[in-house]
Protein chains: 2
Amino acid sequence: MKAAIITIGDEILIGQIVDTNSGYIAKALDRIGIEIKEMLSISDDKQAILDTFALLQDQVDIVLITGGLGPTKDDITKKTICDYFEDVLVRNTDVEAHVIALIERALQREASQMNKDQALVPSKSTVLHNEVGTAPGMWIQKGQTVFVSLPGVPYEMKYLVDNQVVPKIVNEYERPFIIHKTVLTYGQGESLVAERIEVWEDNLPDFVKLAYLPAPGRVRLRLTARGIDKSFLETELDNQLAQLSSLIGDIIVGYDEEETLEVVVGRLLMQKNKTLATAESCTGGKIAQLIAGISGASNYYKGSVVAYATEMKMKLLGVASDTIQSFSVVSAEVAKEMALNSQKIFETDYVIATTGNAGPSKGDSTAAIGTVFIALATPDGVLVEEFNFGQPREKVIDRTVAKALEMLQKEILKNVL
Amino acid sequence: MKAAIITIGDEILIGQIVDTNSGYIAKALDRIGIEIKEMLSISDDKQAILDTFALLQDQVDIVLITGGLGPTKDDITKKTICDYFEDVLVRNTDVEAHVIALIERALQREASQMNKDQALVPSKSTVLHNEVGTAPGMWIQKGQTVFVSLPGVPYEMKYLVDNQVVPKIVNEYERPFIIHKTVLTYGQGESLVAERIEVWEDNLPDFVKLAYLPAPGRVRLRLTARGIDKSFLETELDNQLAQLSSLIGDIIVGYDEEETLEVVVGRLLMQKNKTLATAESCTGGKIAQLIAGISGASNYYKGSVVAYATEMKMKLLGVASDTIQSFSVVSAEVAKEMALNSQKIFETDYVIATTGNAGPSKGDSTAAIGTVFIALATPDGVLVEEFNFGQPREKVIDRTVAKALEMLQKEILKNVL
């Protein structure tokens, strides 16, 4: 079973916003065995929409569309659907009652005519009820292809995908199985990993596909198998994984699918009943935000001091002004003091501390742009590593975050083994 | 002049990563007057790539392609380009020398054959030199259409777009002007704004397009004009903006194009020579990270305490345990103390403080999920507002961040007027 995803909106085509809806929909469909053939982002333009519908007609089983369902004049998806399906808009009374109640409850005012017109839907469509917003989803078929139109507001789209679209597909279609297994490796580059597994890769069966997903400091290897016999696929992938482990077991740090390092680290901390705090300078709160973004983080994460200004490293974290003067604010010594002092302040088992110069200007330090020190306070002491992550600023920050989490993960595992 | 953007990679089609490259390229092209007709994400599959090239051939002037240029077997873009252009790969000695030097410098080892083969490029292509990575960009023409292939690693893609692709287009093509003007409104929903400006909107000239970009608590209105006479377009847009201001001046808070609120706030703080710190609980460092992510932030941003655990609100921020016991940790009183105490600790003019319950579980507080208090310490005192942002967790965090920056912006402007 094949699908395509269309995102409608000029704001995407001029780069004003990034389309995150397609990724969410893709993941949800992939989970139930639907292969995404392509994703398209097109203009709020009637002809562009009609052309794209025609292009996908009978080429895929289902087309998921987001955007263009708002109440304003630039939202033309519904009218265009009527053109394409030779249909007319009719008022759905259930949707209208919901819109009126929602506007009164959320905004404490009466629904305007424009709000109420959200209840106009193509007569041939099945309404997908949107509990969390005013624009309903619509499900409408032509030939071999079902078109599903969803609002572009991310949490409304997510609600409809999870509660309406996926259950309806699962009910109405037979699907093959798609199984992914992901192996996370650390410390060797993509081409080195590829060389080590070349023979194995060349001998993979046809129904198994390998992908390399490199990121700063790490490479994810994703194996994908497609077929109708789920247990056969599972066995075959487990077999392949065992062979892979025998080749590169030394650099494999995890097997979980789609898990980020902050999730892995969080689970390790929870399992070992250990706690964490952070003391950030050049990463500016990014490590804190990643860790705190995971639900349940309050079980192991105490918090962070983002000591962005040099004076705050002294005042909040008690870094000695002598240390800063002798070694400069971007130094191993400052990183160490940040980590060790924070360990006392937060009373945690581990502290990640970062200090560096992310650029583009040199700031309070004479260190070369890209220089970063990461210190890790542990129950046994403190380690510190120096890096030069080059430029630009975002790369320096991202690599610092990745490396800091990697250092923490290694250290927790070491203390456990 | 029209363009299309293709992203190649199964990891996007299964939702494992979100494509942010297309947005960056779109913005860069939009700035130089190129209209993006569509964006497509397709599989690492030879036939899918060939079909998409054929679909766009002579339909657009330029096709930007990212992804599939790595050294591993799943990277097939170069071979597929050779098929499409009936070309062969040849070794580019400049690129090879660069790859060898880069690997030696960055990884302190010799380049492998796989690394060196990054220097193989289609003979008909012009190499776009990639200073920051091993995969070169390629520029190759067929019929009316230029195809430009770029690596998928974001900072390498960005380097090539900024330093090679955009300058080359500017040099070689005449382009029309595309001008956007964006108006940022606060406090009224999309449909209410639309009703207030309906007559004006209906009378916009054909070459001006209006788009509504709603987000939590705010609506951006974007006017886009296309044409060959830049000063005429500018005058016309300024005229339309003046009319718009006379209609909804009461809710307009800014006019800048594509500016995020953290950029606006940062510039205001710099202009007024004021300083800021943050004290975050439920937002977990996200406000800090947004503010610190802007280069030059060290001029006005002192740092943040992310007091994620309740005890840290007392220990680091000096919130009285009586206050927490009497009012609970999610309360106006705790938010106020967090803000006022941080103002003393950081010695800043302004402090944003957040405490709330983002869900999904209730944590240390009995407050309903979605309840958030935001306090703002100012040179004149402290304000605090209560919100209920509902669910899910990410929406609560995002709306808290947006509302906090909005409160700060309003307050700075008030103190200035």
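Neither the backbone nor the side chain of B:A3 has a heavy atom closer than 4.5 Å to any heavy atom of chain A. Contacts of B:D202 with chain A are made by side-chain atoms alone, with heavy-atom separations under 4.5 Å and no backbone atom involved. Of the atoms belonging to B:K315, it is side-chain heavy atoms, and not backbone ones, that fall under 4.5 Å from chain A. Residue B:F346 touches chain A through both its backbone and its side chain, counting heavy-atom pairs closer than 4.5 Å. For B:K158, the part sitting under 4.5 Å from any heavy atom of chain A is the side chain, from C-beta outward, and nothing else.
Taken to the nearest 0.5 Å, the CE atom of B:M39 stands 12.0 Å off from the CD1 atom of A:I42. Here NZ of A:K395 is found 11.5 Å from OH of B:Y159. Values are rounded to the nearest 0.5 Å. Summarising the geometry, atom CD belonging to A:E38 is positioned 8.0 Å from atom CG belonging to B:L55; distances are rounded to the nearest 0.5 Å. Between the OG atom in B:S22 and the CD1 atom in A:I12 there is a gap of 10.5 Å [rounded to 0.5 Å].
For the set A:G284, A:A277, A:G152, the entry with the most heavy-atom pairs within less than 4.5 Å of chain B is A:G284. When each of A:D19, A:L316, A:T224 is scored by its heavy-atom pairs under 4.5 Å with chain B, the top score falls to A:L316. Put simply, of B:A28, B:S43, B:A211, B:G70, the one with the most heavy-atom pairs under 4.5 Å next to chain A is B:A211. Note on B:G293, B:G296, B:A307, B:A4: by heavy-atom pairs under 4.5 Å with chain A, the leading option is B:G293.
The shortest side-chain heavy-atom distance between A:E11 and B:R220 does not fall under the 4.5 Å cut-off.
When the options B:H180, B:R222, B:K209 are evaluated for a side chain to side chain donor-acceptor pair (under 3.5 Å) with A:D10, the one that passes is B:K209.
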